[in-house]
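Keep in mind it's a predicted model, so treat the numbers as computed, not measured. Every chain is numbered from 1 and lettered A, B, ... according to where its sequence line falls, protein lines coming before strand lines. Only heavy atoms go into these numbers, but all of them, side chains included; no hydrogens, no water, no symmetry mates.
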Number of protein chains: 4
Amino acid sequence: MSPRTKQQFKKIRNEKIELIKNTALKLFAENGYASTSISKIANNAKISKGLIYNYFESKEALLHDVMFDSLKDFANALVVEDINNIKKKEIIQFIDWSFNTLKSNPEFYKLYFSLAQQGQIIKLFEEEMHKVFGELFEKIIMYYTQKGEKNPFTKARFLIAIVDGIGAHYLLDMEGFPLEETRKMITELI
Amino acid sequence: MSPRTKQQFKKIRNEKIELIKNTALKLFAENGYASTSISKIANNAKISKGLIYNYFESKEALLHDVMFDSLKDFANALVVEDINNIKKKEIIQFIDWSFNTLKSNPEFYKLYFSLAQQGQIIKLFEEEMHKVFGELFEKIIMYYTQKGEKNPFTKARFLIAIVDGIGAHYLLDMEGFPLEETRKMITELI
Amino acid sequence: MSPRTKQQFKKIRNEKIELIKNTALKLFAENGYASTSISKIANNAKISKGLIYNYFESKEALLHDVMFDSLKDFANALVVEDINNIKKKEIIQFIDWSFNTLKSNPEFYKLYFSLAQQGQIIKLFEEEMHKVFGELFEKIIMYYTQKGEKNPFTKARFLIAIVDGIGAHYLLDMEGFPLEETRKMITELI
Amino acid sequence: MSPRTKQQFKKIRNEKIELIKNTALKLFAENGYASTSISKIANNAKISKGLIYNYFESKEALLHDVMFDSLKDFANALVVEDINNIKKKEIIQFIDWSFNTLKSNPEFYKLYFSLAQQGQIIKLFEEEMHKVFGELFEKIIMYYTQKGEKNPFTKARFLIAIVDGIGAHYLLDMEGFPLEETRKMITELI
DNA sequence: CATGAATGAGGTTTCATTCAT
DNA sequence: TATGAATGAAACCTCATTCAT
């Protein structure tokens, strides 16, 4: 039992933090944020309650970090080569990415949809959300503008709304919902 | 000195039940079901906690009744004159009705969207939801079938999903979201 | 609907009082005093809660009156013709009476046994109990004294204790318990 | 800074569990199960309400564990050397043990007597009770059978009933009741 | 005499958080 | 770093009692 090096400590820290966040995301998504207790998270992760408070200031801070992680991925999801000439293919790639992560990481979306309407809680990561979705939104507006659409703003709002709508309904019935076919329908709309 | 008549009692009952349900709906929608305490509802309605339990067996029963009321309205929203010949106009009227009630009664939708992803809670009114949305869904499938669409099922799913998507995004930003224009876009899609 | 006479009112009063006391006794015996709510009694008797408070000051007062009624019967149960010459037959008749009422009115005994050990509650009818059981006890002591027993006090205590023991066990298993045969055993002991 | 060892935690747990059970038994016995609140138990034990729920799932679970503990002692109280030849001395030793624990641990008996008549609650530890008292009862039947009694079943029922009767009356008047002398009377009956 | 709406104190239970080790 | 005992506020709920009619 030689003393651990700083690096070892750091590794342990990071592993534990990931474990806690993943467990929290899973349980928040399954049962809702308010109905998931810190105890449940600790039990599920097979650690103690106290340890969670070593890494996160509060339950709210944990939720924030959980959401932040997933939101970060969005920031880089709509890659645009030339901002002055956004291509349809790039938009479609973004939609595809969204649907793929919806399938591979449904927990985040479930949590997002269940919290989205709750003012108090959404404030915890309002800033990040605005930043990420704002940028995304801007690019789509620009795309439609460049395409010569009359109402690029409305078009962009519409596109994002229906992607979310499809996502939400897919999560409500993952077996029955025709995700691939609706994906194509959206693609045709763009 | 004679006791109130049965009618008088019934009137009091019904008024208080309405008061409680309306207050509950408002608060559930604002802050979520789990985060809304019975105390808050009582304070907001200016009655005692105990009275709520005079009229509702539990917090869950209250939620059930609140949802049930609004769900009932849906049952009659898509009026079809001839089931063997559903008209485009009828579908559009339903969409219009949905958007109008979204504006006039946003609380129900907020609550619906925030609960939709939570299996445990949705079970409270699963039966009603299945009945109402099931019938709605059937009619839309029939409409597309009668129109000769190749994938009426997918089309129907798609339509409902994007209506929900628009609804959700409208609620997230009631001032900024272009509801009227997106409504037209949907209409064109049908 | 001519106005009721005073007698009619009195009759209604008495009938209602009996109804309430009987219902209360039944429910207290079944589920315990503390676990029986005034509401349950009202529902069971098909009257309103308020009416109970018309006739009884409080739940405790109701319990008192319920117990008092049954206790009164005890007062006259051990009939003694000549106090200076109590006969064995008279004692046996009392035992018989006890066992008969045990069978015909088990509720009172159940309630009595379940409350007997609870100091706070027993105080509600301590006075009556002392009076009734005291007199009873005195007579049995006298009987044993007249018979020339060395320890009449102990004998009396013993007799009452075992009658209660038999009673309690009979109530615990009314079908299986050999009441008649144990009654004979007691009779032989006297 | 290292966490307490498992043994240290176990010791703390066990001590607190004992403290809570002892306090609960005392208060349940004094005022009855239903009339004893968790708050009272916590105050009496000088701990917080919450801690009780760390160790017991519910008030009912606490009652169960409290009863279970005491019932276990009964299981070994009637020691029989040769099951085919149960001796009078062994029965008497059991009676003696009963009376001694009645004096040293009256709380359990008080609680037992006050709950015995309440079906709902008794179900919490019905299984344990049946096991313990069933075995006891069997042995006494066998004893009377081996002695050549005509009605060993009735005799056994009678014996247990009167022991309980004596116990109950002793608890009602611990100073005045002649426990020693009634004990002898029972011994003579066997 | 009779009703049941209404209250509020107090009951059981949950849980985020703290802290000694 | 890690544990889980401990707290206390607040949640859901019950119920004896009051009172206007």
Judged by nearest nucleotide, the residue sitting upstream toward the 5' end of DNA chain F, B/E57 or B/K40, is B/K40
| request: Can you tell me which residue pairs pass the salt bridge (charged side-chain N to carboxylate O under 4.0 Å, His left out) test with a partner in residues 110-128 of chain B, sequence neighbours excluded? | output: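 Qualifying pairs: none.
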**OP:** Can you run down the salt bridge (charged side-chain N to carboxylate O under 4.0 Å, His left out) pairs that involve residues 11-21 of chain D, sequence neighbours left out, and say none if there aren't any?
**Re:**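 Pairs touching residues 11-21 of chain D that pass the test: D/K11-D/E15, D/E18-D/K21, D/K21-D/D69.
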Taking any heavy-atom pair under 4.0 Å as a contact, classify A/S58: base, sugar-phosphate, or nothing.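 The residue A/S58 makes sugar-phosphate contact but no base contact.
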Applied to residues 31-47 of chain B, the side chain to side chain donor-acceptor pair (under 3.5 Å) test, sequence neighbours excluded, yields B/K26-B/N44
Measuring from [X]:[atom1] to [Y]:[atom2], what's the distance to the nearest 0.5 Å?
| X | Y | atom1 | atom2 | answer |
| --- | --- | --- | --- | --- |
| B/L172 | A/I122 | CG | CD1 | 7.5 Å |
| C/F125 | C/S70 | CZ | OG | 10.5 Å |
| C/I12 | C/L19 | CD1 | CG | 12.5 Å |

Could you tell me the separation between the [atom1] atom of [X] and the [atom2] atom of [N], rounded to a whole number of Å?
| X | N | atom1 | atom2 | answer |
| --- | --- | --- | --- | --- |
| B/I38 | E/dT7 | CD1 | P | 15 Å |
| B/Y53 | E/dT12 | OH | C1' | 12 Å |
| A/E15 | F/dA2 | CD | C1' | 15 Å |
| A/E60 | E/dA16 | CD | P | 11 Å |
| D/N43 | E/dG10 | CG | P | 13 Å |
| B/L62 | F/dC12 | CG | P | 11 Å |

- Item | Whether B/Q118 side chain and B/L115 backbone form a donor-acceptor pair below 3.5 Å | no
Practice task
Starting from Watson-Crick (N1-N3 plus N6-O4 or O6-N4) and G-U wobble pairs under 3.5 Å, report the runs of at least three that DNA chain F belongs to.
Solution key: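 Consecutive-pair runs (3 or more) involving DNA chain F: E:2-21 with F:2-21.
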query: Considering only heavy atoms from C-beta outward, does the side chain of C/N105 approach that of C/L25 to under 4.5 Å?
result: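 The answer is yes, as the side chains (C-beta and beyond) meet within the 4.5 Å cut-off.
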Answer whether the closest heavy-atom distance between the side chains of C/E107 and C/F28 falls below 4.5 Å.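 Side chain of C/E107 against side chain of C/F28, heavy atoms only: no contact under 4.5 Å found.
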Scoring nucleotides 4-10 of chain F by protein non-hydrogen atoms under 4.0 Å (B base, S sugar-phosphate only, - none) yields BSBBB-B
Where along residues 17-35 of chain D does a heavy atom come under 4.0 Å from DNA chain F, residue by residue in number order?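 Within this stretch, nothing sits under 4.0 Å of the strand.
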Requested in this report: For the pair C/Y109 and C/F113, name the ring-plane relationship: parallel under 30°, tilted 30 to 60°, perpendicular over 60°.
Outcome: tilted
A/Y112 and A/L71: CA distance, side-chain angles, deciding distance, side chain to side chain contact (heavy atoms under 4.5 Å, CB included) verdict
CA-CA 10 Å; A/Y112 164 68; A/L71 280 170; over 6 Å; no
